[in-house]
Asker: 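Pasting a structure here, questions to come.
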2 protein chains.
Amino acid sequence: MWRGDELEFVASVVVGVASLSKTLEDGRTQMVGLLLPSDFIGRPGREEIEFDVTATTDVTLCCFRRKPFEKMVEKTPHLSQRLMELALDELDAARDWMLLLGRKTAREKIATFLEMLMIRSRTDNIEGNRPDLALPLTREQIANYLGLTLETVSRQLNALKKDGVLEFTDRRNFTVRDIAKLQEATGDDADGGMIV
Amino acid sequence: MWRGDELEFVASVVVGVASLSKTLEDGRTQMVGLLLPSDFIGRPGREEIEFDVTATTDVTLCCFRRKPFEKMVEKTPHLSQRLMELALDELDAARDWMLLLGRKTAREKIATFLEMLMIRSRTDNIEGNRPDLALPLTREQIANYLGLTLETVSRQLNALKKDGVLEFTDRRNFTVRDIAKLQEATGDDADGGMIV
DNA sequence: CGTTCAGTTGAAGGCATTCAACGTCGGTGG
DNA sequence: CCACCGACGTTGAATGCCTTCAACTGAACG
């Protein structure tokens, strides 16, 4: 686990999954971001980040020393523009997640999480649009991402299975049997402009 | 109320308070940002924003037409750097709020909200460190900001009053009688590096 | 005055949590 | 080899926090 303020690198995730999280003094934890392949870690112009970065699977990073990287950014307006875009994307994602954390039910949270996994790890269309996916997080980590307890996560996953939405090959791997039902369960607009 | 995609301006808040919010199809809404004086509205390089901007009090804005503003940004590296900082500040704020939404109790949410108001509207020290503050939001808007119902907001505010933390001069104006108790009630680290 | 909107308060109910026990799997060492 | 252990996951029962539903208050306004 990395504490941000020891960090003199910036990096990009190549393989694997990492997470950003914040913790209250009494131990309650909230994941505030999931870092999937292609995501960027670190921020230009800031020495430190004030949350924990944790690898949740084996991870391969592409690291750059901070100083030379920042010099390169200064000299390349195109790059700084790109970094701004990344920051704004993260901001949008954070705000979507605020809606989830503040207003969605447990079932909707789980469904939204699974839908996001499906969209972001485009290993789908393997056979007749039945994406075969792996959970990159333990039940507890999912709970911390969704603002739930691990027991509730377990129950809701099994409820979705019972309802024929999911099928598990083992505890960490599953297929989405019914994409339409999954999307209904997210609570979002039926086809929120999404091309799936 | 502004819909973002009709917007050909960017702006800065001068006086008053506005809010950013997202809504589910069934009407549940979550405020994802509060815009206080000095905050910036709009984003470079993006035609639209996909949430609602609503004034919650009378507001004075300082507006710029988008096109000329963007040209100015391109020519002024210092300015684009500043915008990046603003975006990263918003990102940090969003992530703090995710911790609140996902993990804090109703009482902690209210206390955190009031503490934030106190810090951001530095009208305090009016007499012996007893900030006199105005709620810029209705109970319902506070509820939408904190992921609660308006009844719960009302109850918790009155509970804080009963506990001697607050004192109301009327329904929208109050003073903090006991800052230490308020900070305890936030659930955050006792003195999380905060200089109050 | 009556109406409306914001806020308060009470009572009942529900969803998620909490507490607890059990099941499963992989690794480690006797 | 297998017994043990710890990490992860499931499931049941009870509790509780917040919500939901509903009635009421008070101030502003025409």
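Here is how names work: the chains are called A, B, and so on, in the same order as the sequence lines, proteins then strands, and each is numbered from 1.
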Asker: I'd like to know if the side chain of B/Asp52 reaches the main chain of B/Thr54, judged simply by a donor and an acceptor atom lying under 3.5 Å from each other, with no hydrogens or angles considered.
Answerer: no
Asker: Strictly below 4.0 Å, heavy-atom distances to any atom of DNA chain D: list the hits from residues 156-173 of chain B, or just say none.
Answerer: none
Asker: Please report the distance, rounded to the nearest Å, between CZ in A/Arg139 and C1' in D/dA7.
Answerer: 13 Å
Asker: Between B/Gln141 (side chain) and B/Thr138 (backbone), is there a donor-acceptor pair under 3.5 Å?
Answerer: yes
Asker: Provide, to the nearest angstrom, the distance between the CG atom belonging to A/Asn144 and the P atom belonging to C/dA16.
Answerer: 17 Å
Asker: Could you go over nucleotides 17-21 of chain C and give all protein N or O partners under 3.5 Å, atom names and distances?
Answerer:
unit_1: C/dT17; atom_1: OP1; unit_2: A/Thr149; atom_2: N; d: 3.4
unit_1: C/dT17; atom_1: OP2; unit_2: A/Thr149; atom_2: N; d: 3.3
unit_1: C/dT17; atom_1: OP2; unit_2: A/Thr149; atom_2: OG1; d: 3.1
unit_1: C/dT17; atom_1: OP2; unit_2: A/Thr152; atom_2: OG1; d: 2.4
unit_1: C/dT18; atom_1: O4; unit_2: A/Arg155; atom_2: NH2; d: 2.8
unit_1: C/dC19; atom_1: N4; unit_2: A/Glu151; atom_2: OE2; d: 3.2

Asker: Tell me if a side-chain donor or acceptor on A/Asn173 pairs with a main-chain N or O of A/Thr169 at a distance below 3.5 Å.
Answerer: no
Asker: Do you reckon A/Leu99 sits in the same ILVMFWY cluster as A/Trp97, going by side-chain contacts under 4.5 Å, direct or chained?
Answerer: no
Asker: C/dA16 C1' sits how many Å from A/Leu101 CG, rounded?
Answerer: 15 Å
Asker: What is the separation between atom CG on B/Leu150 and atom C1' on C/dC5, rounded to the nearest whole Å?
Answerer: 12 Å
Asker: Let me check something: do B/Leu150 and B/Leu34 share a hydrophobic cluster, defined by ILVMFWY side-chain heavy atoms less than 4.5 Å apart, either directly or through other members?
Answerer: no
Asker: Verify ring-ring contact (aromatic ring centres under 6.0 Å, His included) between A/Phe40 and A/Phe9, making sure each step is shown before the conclusion.
Answerer: CA-CA 11 Å; A/Phe40 189 80; A/Phe9 296 93; over 10 Å; no
Asker: Nearest whole Å is fine: how far is D/dA7 P from A/Leu137 CG?
Answerer: 18 Å
Asker: Membership question, hydrophobic clusters at under 4.5 Å side-chain separation (ILVMFWY): are B/Phe113 and B/Ile179 in the same one?
Answerer: yes
Asker: Please state how far atom CZ in A/Arg107 lies from atom P in C/dA16, giving the value in whole angstrom units.
Answerer: 11 Å
Asker: Does A/Glu90 pair with B/Arg95 as a salt bridge, N-O distance under 4.0 Å?
Answerer: yes
